[in-house]
Number of protein chains: 2
Amino acid sequence: MTIQQSAQPDILNANCPSRTVLRHITDRWTPMIVTVLTPRRQVRFKELRERVQGISPKVLTETLRSMERDGLVTRVVTASVPPRVDYELTDLGMSITRPIAALRRWAEGHVTEIEEHRQAYDNALH
Amino acid sequence: MTIQQSAQPDILNANCPSRTVLRHITDRWTPMIVTVLTPRRQVRFKELRERVQGISPKVLTETLRSMERDGLVTRVVTASVPPRVDYELTDLGMSITRPIAALRRWAEGHVTEIEEHRQAYDNALH
DNA sequence: CAGTATCCATAGTGATACTG
DNA sequence: CAGTATCACTATGGATACTG
């Protein structure tokens, strides 16, 4: 007797592994890293760190490792002094760029509207 | 002298309010709640609680309040015994359904592929 | 039924200094 | 340059019981 897994993954199902997948692609920094990597070129650790403003080296490393583990990015090491490491989206990683870009554009495009809603809500003293 | 805000919101900018917007629409439960509300009908608290499997009443309330504050949902109270409260997406809320559906479909559609990547990565003993 | 209240656990950062 | 190591914190989420 094995644990029955639903044939079609369903995000609403508490035990569905798609929840973990969603969690990963929507974590704090992944969408921003994907945004920087979207032109599909190799980007150095340093450049990622600079462009994803506010991320610490520790968290950048952790997030990139998780993305590499999930198969979203490849890590390319060039043995040199000083060392050089580039990251690049895989085909799988590229396939998420459009949904993430849509999300990013929505966030960037509705800032004002949402801030107005918050103001109105807070002024109504709920 | 005022704090200069960029004309175009930019998610990569540490101080850009779009980061908060993105954070809200990608938090743990918002995508699932949006998924249930996507057919744009009024849905009772109870039904949300049942369909978004695993969410506690406290967190469901908190998430719905945050969504209401941002203008994504409306809360409709029907004074009756027992009480009845329905939630429904606003126009703004509806405008996020497509990006979120794309994300959800991606997550559900790539579960197997990603799990295989993780296996391979872990087996390589990084 | 639709929440609140309470208490609690911990994942998820974050700052900073250090190293191969 | 590209990380790791440490330490610490706090927001988020979870369990459960209670209430208008």
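These numbers come from the heavy atoms of this one structure, side chains and all, not from hydrogens, waters or symmetry mates. Throughout, a chain's letter reflects where its sequence line sits, starting with A, and its residues are numbered from 1.
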Would you kindly give the [atom1]-to-[atom2] distance between [X] and [N], to the nearest whole Å?
{"X": "I55(A)", "N": "dT4(D)", "atom1": "CD1", "atom2": "C1'", "value": "15 Å"}
{"X": "D27(A)", "N": "dA11(D)", "atom1": "CG", "atom2": "C1'", "value": "16 Å"}
{"X": "L60(A)", "N": "dT4(D)", "atom1": "CG", "atom2": "P", "value": "11 Å"}
{"X": "Y87(B)", "N": "dC1(C)", "atom1": "OH", "atom2": "P", "value": "15 Å"}
{"X": "E62(B)", "N": "dG14(D)", "atom1": "CD", "atom2": "C1'", "value": "10 Å"}
{"X": "F45(A)", "N": "dT19(C)", "atom1": "CZ", "atom2": "C1'", "value": "14 Å"}
{"X": "R84(A)", "N": "dA2(D)", "atom1": "CZ", "atom2": "C1'", "value": "12 Å"}
{"X": "L64(A)", "N": "dA2(D)", "atom1": "CG", "atom2": "C1'", "value": "11 Å"}

Looking at [N], I'd like to know if its phosphate oxygens (OP1 or OP2) sit under 4.0 Å from a side-chain N or O belonging to [X].
{"X": "R44(B)", "N": "dC1(C)", "value": "no"}
{"X": "R49(A)", "N": "dA2(D)", "value": "no"}
{"X": "R23(A)", "N": "dA11(C)", "value": "no"}
{"X": "R28(B)", "N": "dG14(D)", "value": "yes"}
{"X": "K46(A)", "N": "dC1(D)", "value": "yes"}

>> I'd like to know whether CZ of R98(A) has more than 12 heavy-atom contacts from other residues, nucleotides or ligands below 6.0 angstrom.
In response: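 Atom CZ in R98(A) is not crowded, with 12 or fewer foreign heavy atoms closer than 6.0 Å.
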> With a 4.5 Å heavy-atom cut-off, do R104(B) and P31(B) have their side chains touching?
Replying inline: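 When only atoms from C-beta onward are counted, P31(B) and R104(B) do not touch, as no gap falls below 4.5 Å.
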> Tell me, do R75(B) and R65(B) make a side-chain contact under 4.5 Å, heavy atoms counted?
Replying inline: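 A side-chain contact exists here, since the closest heavy-atom pair is under 4.5 Å.
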>> For residues L64(B) and L92(B): do they belong to one hydrophobic cluster (side chain heavy atoms under 4.5 Å, members Ile, Leu, Val, Met, Phe, Trp, Tyr)?
In response: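 Same cluster.
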> The side chain of P83(A) lies closest to which of these nucleotides: dG20(C), dT4(D), dG14(D)?
Replying inline: dG20(C)
>> Of the listed nucleotides (dA17(C), dC1(D), dC1(C)), which one gets closest to any side-chain atom of P57(A)?
In response: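 Nearest to the side chain of P57(A) among the choices is dA17(C).
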>> Looking at D86(B) and R41(B), is there a salt bridge between them, counting it only when a charged N and a carboxylate O are closer than 4.0 Å?
In response: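 Result for this pair is no, no salt bridge flagged.
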> Do D10(A) and R51(B) meet the salt-bridge criterion of a basic N to acidic O distance under 4.0 Å?
Replying inline: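 So R51(B) does not pair with D10(A) through a salt bridge.
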>> Categorize R65(B) for me: base, sugar-phosphate, or nothing, with a 4.0 angstrom heavy-atom threshold over every strand shown.
In response: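 Since only primed, P, OP1 and OP2 atoms lie under 4.0 Å of R65(B), the category is sugar-phosphate.
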> DNA chain D: stems of at least 3 consecutive Watson-Crick or G-U pairs, cut-off 3.5 Å?
Replying inline: C:1-20 with D:1-20
> Quick one: the side chain of K58(A) and the base of dG3(D), do they pair up donor-acceptor inside 3.5 Å?
Replying inline: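 When only heavy-atom distances are counted, K58(A) does not reach the base of dG3(D) through any donor-acceptor pair under 3.5 Å.
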> Listed by chain and number, what are the side-chain contact (heavy atoms from CB on, under 4.5 Å) partners of T63(B), not counting sequence neighbours?
Replying inline: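 T63(B) satisfies side-chain contact (heavy atoms from CB on, under 4.5 Å) with D27(B), W29(B), T30(B), I33(B), V59(B), M67(B) only.
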